[in-house]
Every structure is written in C-alpha cells, then in structure tokens.
Amino acid sequence: MNTLPVFLQQSLAPVNAVASSLWLIVALPLLGTLVCGVFGKVLGRANVHWVALGAVGGSFLLSALTFSAIANPDALLPTVFSNPGQGIRYAVGQDLGTWFAVGDFIVRFGLRVDHLSGVLLLVITGVGFLIHLYSTEYMSHDDGYWRYFAYLNLFVAMMLTLVMADNLVLLFVGWEGVGLCSYLLIGFWYKDPQKAWAGRKAFITNRIGDFAFVVGMLLLTLMVGAASEQLKTSARPQLAERYATGVSQVGALHFTSLEQTARTLANGARNSQENVLQPQSLIRKGPLRAFRFSEVLTAVLVLFLIGAAGKSAQIPLYVWLPDAMAGPTPVSALIHAATMVTAGVYLFCRLSYLLVFSPTAMAAVAVVGACTALFAALIAFAQDDIKKVLAYSTVSQLGMMFMAVGMGVFWAAVLHLVTHAFFKALLFLGAGSVMHGNDDETDIKKLGGLRRQMPWTWATFAVGTAAITGIVPLSGFFSKDAILHGVHETTLAGLPWVPHLVYVLGLLTALCTAFYMTRLYLLTFEGERSTDAKVPHAHENRWPMTLPLVVLAFFSVVALVHGIPFLRPRGTEGLQALMENYLYPVFDTARLVTTSVESVKAPVTEHVPWDAYLQAWGIALVGGATAAFMYLRFFPSRRGQTAPALARAARHFAQAKFYVDELYDALLLRPIRALAVILYRVVDALLIDTVAVRGSAWVTARAGALLRYTQTGDVQSYAAAMVLALLGGAAYVLVQVLR
Amino acid sequence: MGFFETHLVSLTIFVPLLFGGMVAVLPGSETGQIRAVTWAGMLVTFGLTLALYLGFSPQGPEFQYTFRAPWLTDLGIAYHVGVDGIAVSLMLLAGVLGPLVVMASSGTVQKRVKEFHLALLVLQTAMLGALAALDVIVFYVFFEAMLIPMYLLIGVWGSEERQMAAVKFFLYTLAGSLLMLVAILAVYFIALPSGARSFGYASLYNALAPASRELASCLGDANACATLSPLALTLKTWGPWLFGAFALAFAIKVPMFPVHTWLPDAHVQAPMAGSIILAGVMLKMGTFGFWRYAIPFFPTAAAQARPLLATLSVVGIVYGALMCLAQRDIKKLIAYSSVSHLGFCMLGMLSLTTEGASGAAYQMLNHGVSTGALFLLFGLLYERRHTRLMSDYGGIAKVMPWFSTAFLIVTFSSVAVPGTNGFIGEFLVLLGTFKSDWPLWYGLFAATGIILSAAYMLWMVEKVFFGPLNQPENQALKDLSGREKFAVVPFLVLILWMGLLPQPFLDRLAPSAEKFVARGRVDRISAADTLVVLPAEAAGHLIAHKGPRGDNSIALSADPSRLASLLVGHVPTGMLPPRVSPAGRLGPDHRSTYPHAGPKP
C-alpha cells in the first residue's frame, strides 16, 4: 500500500469511533423503514421522503467516514486469532454480542468493513441515495409512496448487512433480506397479477439458490469442525489450540475462521511432512468422513455457486431477473442492476481464499458466468422492451463478473461491479426517465427521436451506452478490458482450456453488448418519433430525476481512473491499477493459497496492454457500427420490409427467450404440482384416509355387526353354546391326555 | 421458599381451572362477564408461566419448582410436578397463547359462550399439567384430559362437518394413547420389583437406564449379551414393542406421516381458538412425549427405530409441503404446513445432537407462534368472509393493509426468513441433521423444505392478498379493529424478538437438549447421568456445576447434612449421596453414588 498517497491514508475520524459506530450504518435505514412503514401515512408525502433520504444520506456519510478510516494501516480488527495474517489489516470491525449459540455452534452479530466491503458500502449508499432522490419524483403520484420508501430503506439496510457481516450466517440474513425486499418491490403494484407473480417467481428462484447456500454453510461448518478436530492430532499442538479457541469464540462460519482454515490448509500444502493438515487430507471422523478437505471445499463452492446463481441471475437461475422488471424502474436500477444482483460476486470475492483451492469450482464459476454472459446477450438482441433489454444486459454483465471471479481476477470483478453499478443504474434511471416522459411506454419500437425532446436523458443515456459498450475513455472499457485481459492471461491448473473458452465467450459477449446497446440507444433516441407513440410529445423530467442521471454519468466516466494500470507498488511485480492496489490486502490469503496450492496462476502486468486495449476497442466499435448500420440505415422493422425467413425465425426464437421459461415450466413446475395433486388424491385421501383409517373403522363396524348376531338374548342358545364349548374343551383335553 | 415458589407450578396448572369454576357459576347469558373472567384467568396464568419461566435458572438443577404430594401411595402414584427447560418453555407458549385466543375469538363465538370458555380453561389446565407432570400417571391423566375439551371445541363450535372431524380426531388420538397406557402399565411392572413400584418419572427412568446401557453394549458387542440382567433381557424382547406403543401415540399427536390425516380435518373444522391451541400447543405434546418419555425410556429401541422415524420425518417435511401445493382451502394448507414444520421438529430431535435437539425445541416454540398466528389471522378473515377457499379472495391487501402486513410478516416467519424466529429453529435443526450420524441426504432432502415452504406460502399469499380486487364481497372487508390488533401485535413482536434475540430462549432449552441427547444416544449411553428430581427446597441449596460436556457434577452451596435431610423422603434412600467431598462438590464418582438399581428397602 506504499504507493497510496499519504493523504489517502489519513482517517477523517478516529478509527475507534468509526468502529464503534458501524452499527449505525445499518441502523439508520432500518429506522427509516420503521418510521416510513408505521407512521408513513400520518407523516405525509413530503416528510416521508425526507426521512428516507435522511436515513440513506446519513448512512452514506458514515460510510464515507468508515471508508477513510480503513485506508489507515492502523485500522486493525480486534480478533481472537493471534497472528491472523495481513489480510485483516485495513479494516474495522464491531462485535455486538452473540446472536445464537448452541453446543459448539455460535453466531455473533459482528460487523466488519475492509477494503472490499468499503467499496461496496460507498456504492450501495451512494447510488442508493441518488435513487432515493430520483424516486421522490418518479413515484410522486403513487398511492403507496410511504410503503415504497419503507421497502427501499429496508433494502438498503439489508444490503448493508450483507456486505458488512463478518460471518456467513449474518451475511445470509442480508442475502435473504434483499431477496425479501426484492419480492416486495417487484410486486409493489400488487393489483396486477402479473407483477405479483413476478415477485413470487423472483423469491422462489432465489430460494432455490438459498437452499444450496444453506447446505453449503452447513457443510462448511462440518468441515471447519473436522479441521479443528484433526489439527489436534497433527504436528503443531499450539496451532490446534489457537485454532480451536478461535473457532469456538467467533464461530465456524466467521470469516476469520474460514480465512484461518484456508491459511492452515495452504501452509499444509507447502509442507510435505506427514501428519500435517493438507487440502488432500482425508477427514477421519464425522459425517464427512472418507472425503478429502479439497473435495468438501469443491462441493461447498459449487453449492455457493448455485446460491450465487440465484441471487446474481446466472444460468440456470437467471429467469427471475427479466420478470423482475415488473417493479418500479428505480427499483430495477438499485436492486436489479447496481447492488443486490452483485451479491454473488461479492460472496465469491469475500470467500476468495476458499475459491482458489478448487480449480474445478473456479472453472465452474467462470464457465457458468461466460455462458450466461453470451446467452443473455443473445436474448437481449431481440427484446423490444427497454427494461427487458437492460435486464438481460445486466444478466450478461454479471456473467462477465463471474468470469473474472472464476478465473481469480477478483479485483477486476469488483471494478466491473462498481463501474457497472454506475452505468447500469444510469441506464435504468434513463429508461425510467423515458418511461416517465412517455406515459410509461416501454416498447422501443414505439419510442424514437427522443434526442431533442429529452436532452438530459439523451445525453446521459448516451454516456451510459458508450460506457457499457466499452468506448475508450469510459470506465466500462477499462473494467471490461481488465476482465478480458485478466482472464486471457490466467492459467488454471489441470484445466488449460477453460481460460481460452471463457476468453472467447467474453469477446463475443462484448461484441453482442455493443450491438444490442447501440440498437437500444438508436431506436429510443435517434430517428423519427414512432407513429405508435402513446403521447405525441415527450417531456423532460424535473431535476430530482435528471440530477442523479448527471451524477451517475459523471461517475461512469470518472471511474476509469480505477482501471488504468499505472501504479508500480514496492514489493509486488508489475503494474497495478488503482482498484487492484486498493483491494490488495483483501486478497492476501487468496494469493497465499494460490502460491501454495498452485491452482491458478495470476497474470503479471509488465506494461500497459495497449494491444489488448486496441482489440477490445475494435470489437466494441464493430458491434456498435453493425447495429448503427442496420438500424440507422435500413430500419427494416419500420419500413415494413420483411427480413429473410431465417433471420425472422432466429429473432423470434431469441425474442421468446429461447423458451427456457417454458422448459422449466414443463420439466419442473408442472410435474411438481401434478405430483402434489396426485399424492394428495392417491396417498392422502385414498390410501391413508379411506383405505387405512376408514377401512379400519369399517372393519371394526362390520366385525361388530357380525358379532351382534351372537347377542340374541335367547337363554337357550347361550346355554347350548356353553355346553358345546365345554364339550369341545373336554374333547381337547381328552385328546391331549390320551396322546 | 415461600408458598408461592413451592406451589408455583401447581398454581399455574390449576388457576385456569379455578377461573373455570368461576365461569361455571356465572349465568350463561352474561357473555361479557364470562369473556372477561376467562380472559383474566388466562392473563393470570400467563403471568404465572412467565414467573416460572423467569424464575427457572438455566444453570440450576434439571427439574426446578418441583412439588410432590402423595396420592395413591400403594400404587406408587404421586402428584409430582416440576419443570425442566423444555417444559417451562412450552408452558410459557401455552400461557402466551391463552389470553390472545380468548381475545381473538370474542368476535367469532356467539353460541354456548359459557361452555366454550369453560372448555378453553379446562384445556389450558390439562395442557399445562401434562407438561409439568413428573409422574407418568399424572401425565397420562392430563394428556387424555386434553382430548375432551378439544373434542368439544371442534364438535360444537366447528364448521359444517365438525362432527366427523371431531370423531376422527378423538378416535385417532385415543387409539394411540390407549396403546400408550398399556405400555405405561407394562413399564410399571417390569421396571421395578414388586413393593418398590412407582409411576414416578425419575424412578422409572433410573430403573430402565442401566438396563438400556447393558443392552446397548450387548447390541454393539455380542459378548456382552451373556451377562444381561433380567430387566435388560425383557427390554431386549419387549423394548421395541413398548417403544412402538409410546411412539405411535406421540407420532399421531405430532402428527407424523403417515398418521397425520386427522390434522387437516380437525384444523379445517375447528373454530379459530381450537386451531390455534391445537397447532400452538397440543401438537407439541407429541414431540414433547418423544423427548420426555419415549426416547429416554427406550434408547436402544429408539436407536433401532431412528432411521425409520427420521425417514418418516423427512418424508413428512417434503410430503407436507407438497400437500400444501395441492390445496384450495387455506386452512387446510396451513394444517399441512404444520405437518411439514413438525417434521423439522422430529428430525432435529432424532438427530440426537445438541444443535438439532435445541433447534427442534426452538422450532416447537416457533411453530406455536407462527402457525398460531396464521390460524388467528385467517380466523379473523374467515369471520368476515366465511369462506376458506383461496379463489374467493384476491387483492384484499388493498382493503386490509394492516391485516395483510401482519399476515406477510407471519408468512416470512413461517418460511424461515432470517431475522424471524423460524430461521433459527430451521437452521439449527438442519445443522443437527447434518452433524448427526445419518447419511448426508437426510439433511439435503429436509433442506428442500426451504424452497417448498416459500413456494406454497407465497402462492397462497399471492392468491389471497394480491391481484385485482374484483369480488364485491371482498371490497367491503374491514381492516383489523383495535381489539384484533391487540391480539395480533404480540405475535409479530414475538416473531421478531425470537428471531433477533433468541439466546435467552435457547439458554433454557439447551441444557434440556443436552440431557435429552445424552439419554438418547446409545453410543454414549454410559455417560448418561442418573435423573435426579430434587425437591424444590433442596434445589435452593444446589447449584449445578456446568462443566465440560457430559459433566453433570453438582456443586453444593450449603450445608451438606441439611441437604441430605431435605433429600430424605424424596430421593430413594439408596440414591442419597453417602459422602460429600470437602470442597463441597459431590466427588468425581458421583455417578456411582447414585446407584442405578432400585432403592433398597
């Protein structure tokens, strides 16, 4: 960190004061939720949005203070593990006591902000504040104004919990919490059954991921327990003691525990001695016995990948995100573009030291990301709904981030996360502005020519388009190139084909992105106004809507400084970009692991990669130019000229989203529902209730009815029966005796 | 020890009955007074359960606030009550639900008001008594006594097909509990020699435990079978049958798959109050029965049946959830969700890990709160609209915002969103399941409940609350009244409280869970302790020393001879500590100071 300018390393507030007020960052929006939700109706519109804005704004200021505090190398987490490694420096933490503890298992309310969460804190509260501001205008005519801001504040609180949690369980609170808010906000206009359905779809798809997440957490708990157990019999008793104490105090799912586990395993991998805990060691006891640590880790990571695929809309769980566009547009900007959907990327960056243990899991993450990126980009080609295009674009860009994470280029993923948060929020807000000015028209075929009518929206949208396309001096170019370049240069142990495949898919995605974004931009803003437009003349919106656009456009440009490799820090090889340098301490353990396990080899940047820049730029230009050529020059769809049959079929296929929803419906949803109905009719109603329960009642009743015939009340027949029985008995005895 | 402390448990049990007597003498036409008296009675009971709960010391002896009075001494039956961690928690649950139920049903019940409230009060006494009983016969009496008022609640104040449902409920449950009665008598005769026979819980357990231990080592290693004691031999032959009888009775009560079919009918037909109590407390009698009686009495038989029971629990979780997806009737859906949730309780308990058992116990409380709240809320809706079909609703969030918000919060608790109580229970249960000696797929299948619960609950919420408000009857629906809010808000507070600050609750459950696990585990059974029920006066002189796991040594805080004199008459002579170490602690061999054989004459 020596190259960071000295002024950046000075905290604006005492580190301890910052650490002890970390909880306020989460508590403020939570309080906002409470006030808006319970007293919103009484407070009235004007006060509600002041409360909501104040809460998020306050959070932002505190986040900024925290951000400045963690630049200070003196900022050190109080920690129970001695010698925790350097990764723990440049961070502040606060422990708020035990949440729950049973047996060996303990979860604490602990917050932690290091450079990774610090970056995200600023994005969440900063972009969040802008979107709150935007919403005051966008939602101004809505009946549920107070409800909207209550949900939005709750979302911010949950997202902050997610990034500030210092253990996986608390992270999961935020993880499910944001899903919950997403559900509430997608279905915000619940009177429309389509929207309510979209909300449910989002929640349940997310739940499939959460299921995997929970199972992953539990396996990880078992694994840490096994490591603790097995360390005791290994060569280093002090280490075992320290490890066991640490785990019992902070819990197995605390990030420090996990990081320490990773370090222990990594150190073991370098040690060829017998009796040292290594990734290849067999687990000897417990439910995971006979598995190796590395195998368990791979399983855990694949489970987390499913979890992350749910939250970050990756194949096969991406289907909810396009439907989530049913929510208000600012929600799409905040939740479904800038923050929540990046949670999966955050998760893997947070657990980077575990991910790099397993080349298999890394390849899985990268390939899933790459396939999603291209697949979603292809669907985006043929969508006519302005928000749907952006939604698929988000899925695609998230796929790019997964590519980077999977190949171990974590800093590039985070950089793209940040720049994407700026330009995608900008694009969504721009789309919202378009809709607001055009009576909620979302079909780009029915827009067009907005350039003059909505100048602010046009200008900022153009910046956003250029940024996502990867036009040179904008941030998107540098972040995307950092990913592609990083992916290309990385080698993955045992799987040499993966980086190549991912790189090619990444390039294709970049090409497609340029194409569909240019198409979107051209159809919306250039050309003539469509004759099908709902309103003859669109109007530009008021400042609460345009100001956030301008600010975000500004940052979409300025964020480029994080992506240019111009730093040459001491103690490391090669050049580093600002973001890479800044996140260096976060991925300290991951680096230790990669050198020990030799799973992945990261590239070293010796010089600014001009050739790669040129290549990426060329691709963006080609994609954009193709779209411009097709749509500006010919506008085939507008002139009534029919395209070739093959093109139309392909277009139709892409427009129908490759029938994935229908496939899921036919393969999963219908069978499950049919199974439920069949089980209910056959097993519950027929077998158990009718045959077994009523059957036994029937048998009893029949038996009683039959036996009734013996109760004749006739003394003579009773006497006859007695005599017969006696005779029979006597005969039996006689036979027995005589034998 | 004042009168209050000594008799706190008895007071808690019988105060509802006392108020029942007051209700009985009121004229039936004075409905207002009847409601007020019942409510006051429930409120006093709640206060008492709260006093009991707060007074219960998690670090103290296992059973606290014990009270014993001779009853049918010749038969070895005594009125013996006392609470451990799980009993006191479930009693608090019953106590909390009582006043809320009375408040909520004041709008619904209009006929035979007096008898209705009488039934509620009697039911409360029976439930509290069954939880606090430390004598098996006392338990059985209270356990069966619950049936009658519940039968009446369903059969008299229920919906259209109430008779059928009530009879089904009654016969189903009775069939199980009669078998249990036979088993209780058999245990009574085999456990202790003639002359020393007792129905005391501790005596029976202490007699059975050493035999179970022998049997366990025999099952693990055939060489040990040669020297089995007579009781162990009996257990070897008859233990599975006896366990089966207990298990069937409790499994019906839980209800476990496949003996669950009485539940949907009972819930659908029962009035709101009946549903709340049934789901809230009565179902827990099944899980509580496994916890307190079936598994500790017959750990070896339980170990043999464990794979089957666990499989049935997992099947119950998934099957119950699938059933929910096939429903059109909201109340039936909630009832089937109970099958699913109780599957979690059973699974956690059967995992025989501290995490799983604590989670199961916590899940019992959660289910009481969440499902109780669901039935309450739906009851309020039914009162307005008189239909249980989902298709008759739709879009009512518009006209009933308060109601919808409350329902949504309860829904999230029911689907175990973190931050609500459900998450803690479900997570711990799953953790225990994964940690247990079962193959991983038990946990994996159980965890699918995470997805399915969201699928059916949110589907129902969507059908009822969202969408267009196009039915004219629904457009006139009124939101919650002040009284109703008063009944609903405590549930919401509990849901968030138990989700965010669960530790005080878990602290009381965990020691019980540890004891239960120690008693249930065959592989560790030699570490199981003798069950000591100390008289309340003696408990004041003892502070259990919470040492490392498995160490239940007791530290003495007062004069040992005084303690010994207090113990005389309560603990069989042979079980008295003969020698107390100078440090004031029972020696490390304290286990041997409590011989497991029966008392010597």
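Chain A is the first sequence line, chain B the second, and so forth, proteins listed ahead of strands; every chain is numbered from 1.
Heavy atoms of B/Val259 lying under 4.5 Å from chain A are absent altogether. Interface remark: A/Trp175 contributes no atoms to any contact with chain B (heavy atom separation under 4.5 Å). Contacts of A/Leu180 with chain B are made by side-chain atoms alone, with heavy-atom separations under 4.5 Å and no backbone atom involved. There is no contact between B/Tyr362 and chain A, counting heavy-atom distances below 4.5 Å. With a threshold of 4.5 angstrom between heavy atoms, B/Trp459 approaches chain A through its backbone and through its side chain. Only the side chain of A/Arg694 comes within contact range of chain B, with heavy atoms under 4.5 Å apart. Residue A/Leu687 does not touch chain B at all, counting heavy-atom pairs closer than 4.5 Å. In this structure, chain A has no heavy atom under 4.5 Å from any part of B/Asp507. Neither the backbone nor the side chain of A/Val107 comes within less than 4.5 Å of any heavy atom of chain B. Using a 4.5 Å cut-off between heavy atoms, B/Leu428 touches chain A through its side chain atoms alone.
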Taking it one step at a time, do B/Lys398 and A/Tyr190 satisfy side-chain contact (heavy atoms from CB on, under 4.5 Å)? CA-CA 9 Å; B/Lys398 178 76 191 146; A/Tyr190 55 80; 3.8 Å; yes

Intermediate values then yes/no, side-chain contact (heavy atoms from CB on, under 4.5 Å), B/Val417 and A/Arg207: CA-CA 10 Å; B/Val417 168; A/Arg207 270 261 155 162; 3.7 Å; yes

Take B/Thr354 and A/Phe105 through the side-chain contact (heavy atoms from CB on, under 4.5 Å) test and state the conclusion after the steps. CA-CA 10 Å; B/Thr354 312; A/Phe105 190 77; over 6 Å; no

How far apart are the C-alpha atoms of A/Leu288 and B/Leu440, what are their side-chain angles, what is the distance that settles it, and do they pass the side-chain contact (heavy atoms from CB on, under 4.5 Å) test? CA-CA 8 Å; A/Leu288 296 177; B/Leu440 292 173; 4.0 Å; yes

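Contact check for B/Leu469 versus A/Lys191: no side-chain heavy atoms found under the 4.5 Å cut-off. At least one side-chain heavy atom of A/Leu184 sits less than 4.5 Å from a side-chain heavy atom of B/Leu408. Within the 4.5 Å cutoff, the side chain of B/Lys332 has heavy atoms near those of the A/Tyr680 side chain. Using a 4.5 Å heavy-atom cutoff, the side chains of A/Thr221 and B/Lys435 are not in contact.
The local environment of CH2 in A/Trp189 is crowded, with over 12 non-hydrogen atoms from other residues, nucleotides or ligands closer than 6.0 Å. Other residues, nucleotides and ligands place more than 12 heavy atoms under 6.0 Å from the OH atom of A/Tyr664. Applying the 6.0 Å contact sphere to OH of B/Tyr172 captures more than 12 heavy atoms from other residues, nucleotides or ligands. For B/Lys485, the NZ atom counts as densely surrounded, since its 6.0 Å shell holds more than 12 non-hydrogen atoms of other residues, nucleotides or ligands. Open room surrounds CZ on B/Phe445; 12 or fewer heavy atoms of other groups in view lie less than 6.0 Å from it.
Atoms CD1 and CG, from A/Ile204 and B/Leu458 in turn, are 5.5 Å apart once rounded to the nearest 0.5 Å. Annotation: the span from A/Phe100 atom CZ to B/Phe505 atom CZ amounts to 14.5 Å, rounded to 0.5 Å.
Of all non-hydrogen atoms in A/Trp99 and B/Phe423, the two that sit nearest each other are CH2-CE2, 3.8 Å. Summarising the geometry of A/Ala676 relative to B/Leu322, their closest heavy-atom pair is CB-O, 3.1 Å, with the distance given to 0.1 Å. Between A/Leu218 and B/Phe427, the shortest heavy-atom distance links the atoms CD2-CZ, 4.0 Å. Scanning both residues, A/Ile688 and B/Pro258, for their nearest heavy atoms gives CG2-O, 3.3 Å. Closest non-hydrogen pair, A/Lys41 versus B/Pro401, comes out as NZ-CG, 4.4 Å. Across every non-hydrogen atom of B/Phe434 and A/Pro287, the tightest pair is O-CG, 3.0 Å.
Note: B/Ala455 leads B/Ala455, B/Gly395, B/Ala510, B/Ala357 in heavy-atom pairs under 4.5 Å with chain A. Interface check for chain A: of the options B/Thr448, B/Val461, B/Leu452, the most heavy-atom pairs under 4.5 Å are formed by B/Thr448. No other option in A/Arg289, A/Met217, A/Glu176, A/Arg200 has as many heavy-atom pairs under 4.5 Å with chain B as A/Arg200. Per-residue counts of heavy-atom pairs under 4.5 Å with chain A were compared for B/Asp437, B/Leu501, B/Leu430; the largest is that of B/Leu430. No other option in A/Asp192, A/Val677, A/Leu679 has as many heavy-atom pairs under 4.5 Å with chain B as A/Leu679. Between chain B and the residues A/Leu222, A/Asp143, A/Asp210, the most heavy-atom pairs under 4.5 angstrom are made by A/Leu222. The candidate with the highest count of non-hydrogen atom pairs below 4.5 Å against chain A, out of B/Gly419, B/Ser358, B/Ala397, is B/Ala397.
For B/Tyr393, there are no side-chain hydrogen bond (donor to acceptor under 3.5 Å, both in side chains) partners at least two apart in sequence or on another chain. Residues satisfying the side-chain hydrogen bond (donor to acceptor under 3.5 Å, both in side chains) criterion with B/Asp329, sequence neighbours excluded, are B/Arg388.
The closest donor-acceptor contact from the side chain of B/Gln503 to the backbone of A/Ala101 lies under 3.5 Å.
Using bins of under 30°, 30° to 60° and over 60° for the plane-to-plane angle, the ring pair A/Phe203/B/Phe412 lands in the tilted bin.
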